[in-house]
Amino acid sequence: MSAPSSLASRPSAMAMPVIVLSVFIIPLAIAGIGITLPNISRELGSDPFLLQSVVNGFNVAFALFTLVWGVLSDRLGYRATVVLGLVIFVAGSVVSVLAPSLVVLDVGRMVAGIGGAAVLTGASALLSNAWDGAARARNFAIFGTTIGVGSAVGPVVAGALVSWIEWRGVFGAFGLIALLGLILSGALPKVKHEHVPGQKKVDFTLLRNPHFLAMCLVPVTAAIGTVTLGTYLPVVYSAVFGLGGALAGVFMLFMMVPIMIAPLVVARVLAKSRSITPMKVIYLSLVLIVLGNAALLAVDPELGMWWAVPGMLLVGAGFGVTIGLVDGQAIGAVPAHRSGAAAGVLNFMRLGSEAVVIAVFAAAIAVLVGLRIADPSTAADVAGGAPGHGAEFAGAFHVVLLGMIIANLILSAVIILLHRARIRADRLEVEVVV
């Protein structure tokens, strides 16, 4: 039995705009940072571990602290969690802007990741508890679209800011967005559940629910087949085709625009058609991501960059159709008083897998490029996106793509088996009731 919810305020007209603004900084802070790395390395040094930690430090801190905020949000309240997250994110952004070294910059990024975890955890739990019915479904679609838009414009915005006011301006802009969300946070509804005696602090028993576990694995497939590409395709296009940061960011729109459009399209289709279910949409996503990864095997300096467009469109659409949908399905599969914990576990799986696969992707590319280029210094530069050895980089990229495809085929099979287990459990429950 779920604990009663105490809703101190009803959602105002400004509630969703504030949630959208607050959540918007998360994909920006993830998708846009890869483009800044060459500029950061020229000013603060090119130590490979410290430089990659500018990206991975945020992701790892975010993933780990989603579990912490998942527990705290159920006790502190979801609005308080978002507010605290925005405060911490602003503090991390200030540290990043003023960083005199890579070490300090990495610390700033980790602090921002801790704040971002609170924002996303509190916001998704707010959506699940402060609204219901059609309004809840619509708002989760808007939530998904916000993440899609942030992912879409992240590389473009970061590329423009790098060209205009250098890399520090990127972190400053993200901090200003968070500060604006903080100023307007009074419009968020207050939702807090009574504490349930005996409730675990970090509750992974939620994963025993086959539907919840399946929903948690869907973002893992997206991390492998999409998020890695969203982060590192600009590097790929720099190394293979010689594209600069700003132009690579614009070219990424072929992948990002479908991510931006898909969530609202899916929400409308699901509302109008009874034959199309959320699981059918998820199956479509799995197929599109694998096909898109396969199509990106056409990335080759002899073919030209336009051959990459079909793969980017497929991958973007495959990722976009499940954004928001997965969050609503996962959190809706558990009791209301465990919404924060569910959001924490889901986002831990999401961001944890992203941090791991992004690190593995970068390491694999570095190793494979090193096997193709004898000089270690040149190999390191090419792995970081330096042009001039496009064929060698493309060969390494193709091997990594094949590994991504195999991994996602295995995960897709697991998700299908979990869905079937849920169907069997539902049938048994109906038979027992009858």
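All residue numbers in this chain count up from 1 along the given sequence.
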task: Report the C-alpha separation of F251 and M312 in whole Å, then their side-chain angles, then the decisive distance to 0.1 Å, and conclude whether the side-chain contact (heavy atoms from CB on, under 4.5 Å) test is met.
output: CA-CA 10 Å; F251 194 65; M312 295 171 72; 3.8 Å; yes
message: Assess the residue pair Y237 and M252 against the criterion (side-chain contact (heavy atoms from CB on, under 4.5 Å)); give the C-alpha distance rounded to whole Å, side-chain angles, the decisive distance to 0.1 Å, and a yes or no.
response: CA-CA 10 Å; Y237 294 150; M252 287 295 292; 4.3 Å; yes
query: Does the side-chain contact (heavy atoms from CB on, under 4.5 Å) test come out yes or no for K280 and T277, once each step is laid out?
result: CA-CA 5 Å; K280 288 182 179 179; T277 65; 3.3 Å; yes
field: Trace of the side-chain contact (heavy atoms from CB on, under 4.5 Å) decision for L76 with L84
entry: CA-CA 10 Å; L76 297 175; L84 281 172; 4.1 Å; yes
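When all heavy atoms of G77 and T81 are compared, the closest pair comes out as O-OG1, 2.8 Å. Between P278 and L270, the shortest heavy-atom distance links the atoms N-CD2, 3.9 Å. Contact detail for I25 and A178: the closest heavy-atom pair is CD1-CB, 3.7 Å. The two residues F397 and L296 have their closest heavy-atom pair at CE2-O, 4.0 Å. What you find for F319 and A222 is that their closest heavy atoms are CD1-CB, 3.4 Å. Taking each heavy atom of G385 and S238 in turn, the nearest pair found is O-OG, 2.5 Å.
The shortest distance between side-chain heavy atoms of L229 and M404 falls below 4.5 Å. At a threshold of 4.5 Å between non-hydrogen side-chain atoms, the residues V357 and V227 do not count as touching. V82 has its side chain out of reach of S185: every pair of non-hydrogen atoms, C-beta onward, lies at least 4.5 Å apart. For the pair L21 and V18, the minimum side-chain heavy-atom distance is 4.5 Å or more. The shortest distance between side-chain heavy atoms of T221 and V290 does not fall below 4.5 Å. Between F89 and F174, the closest side-chain pair of non-hydrogen atoms falls below 4.5 Å. Two residues are said to be in side-chain contact when any heavy atoms from C-beta on lie closer than 4.5 Å; T66 and L120 fail this criterion.
Side-chain atoms of S12 come within 3.5 Å of backbone atoms of A187 as a donor-acceptor pair (strictly under, hydrogens ignored). Put simply, the side chain of R109 gets close to the backbone of A29: a donor and an acceptor are under 3.5 Å apart. Between the side chain of T121 and the backbone N or O of A117 there is at least one donor-acceptor pair closer than 3.5 Å. Of the possible donor and acceptor atoms, one in the side chain of R168 sits under 3.5 Å from a partner among the backbone N and O of A99. No side-chain donor-acceptor contact under 3.5 Å links T226 to the backbone of A223. Although no hydrogens or angles enter the test, the distance criterion places no donor-acceptor pair under 3.5 Å between the side chain of T322 and the main chain of L325. In this structure, the side chain of N293 does not engage the main chain of L401 through any donor-acceptor pair within 3.5 Å. No donor-acceptor pair closer than 3.5 Å links the side chain of R79 to the backbone N or O of P189.
Separation of atoms CD1 (I358) and CG (N59) is listed at 5.0 Å; rounding is to 0.5 Å. How far CG of L418 is from CE of M279: 9.0 Å, rounded to the nearest 0.5 Å. Distance CG/L411 to CD1/I289: 10.5 Å, rounded to 0.5 Å. Here the CD1 atom belonging to I224 is positioned 11.5 Å from the CD1 atom belonging to I406, to the nearest 0.5 angstrom. Atom-to-atom distance recorded for I410:CD1 and I415:CD1 is 12.0 Å, nearest 0.5 angstrom. Distance check, rounded to the nearest 0.5 Å: CG of L286 to CD1 of I416 gives 7.0 Å.
Taking the six-membered ring where tryptophan is involved, the planes of F171 and W167 are perpendicular, since the angle between them exceeds 60° and thus also 30°. Classified by interplanar angle (parallel below 30°, tilted 30° to 60°, perpendicular above 60°), the ring pair Y232/F361 is parallel.
In this structure I88 satisfies the side-chain contact (heavy atoms from CB on, under 4.5 Å) test together with W69, V111, I114, sequence neighbours excluded.
For the side-chain contact (heavy atoms from CB on, under 4.5 Å) with V55, the lone residue among V60, D106, I33 that qualifies is I33.
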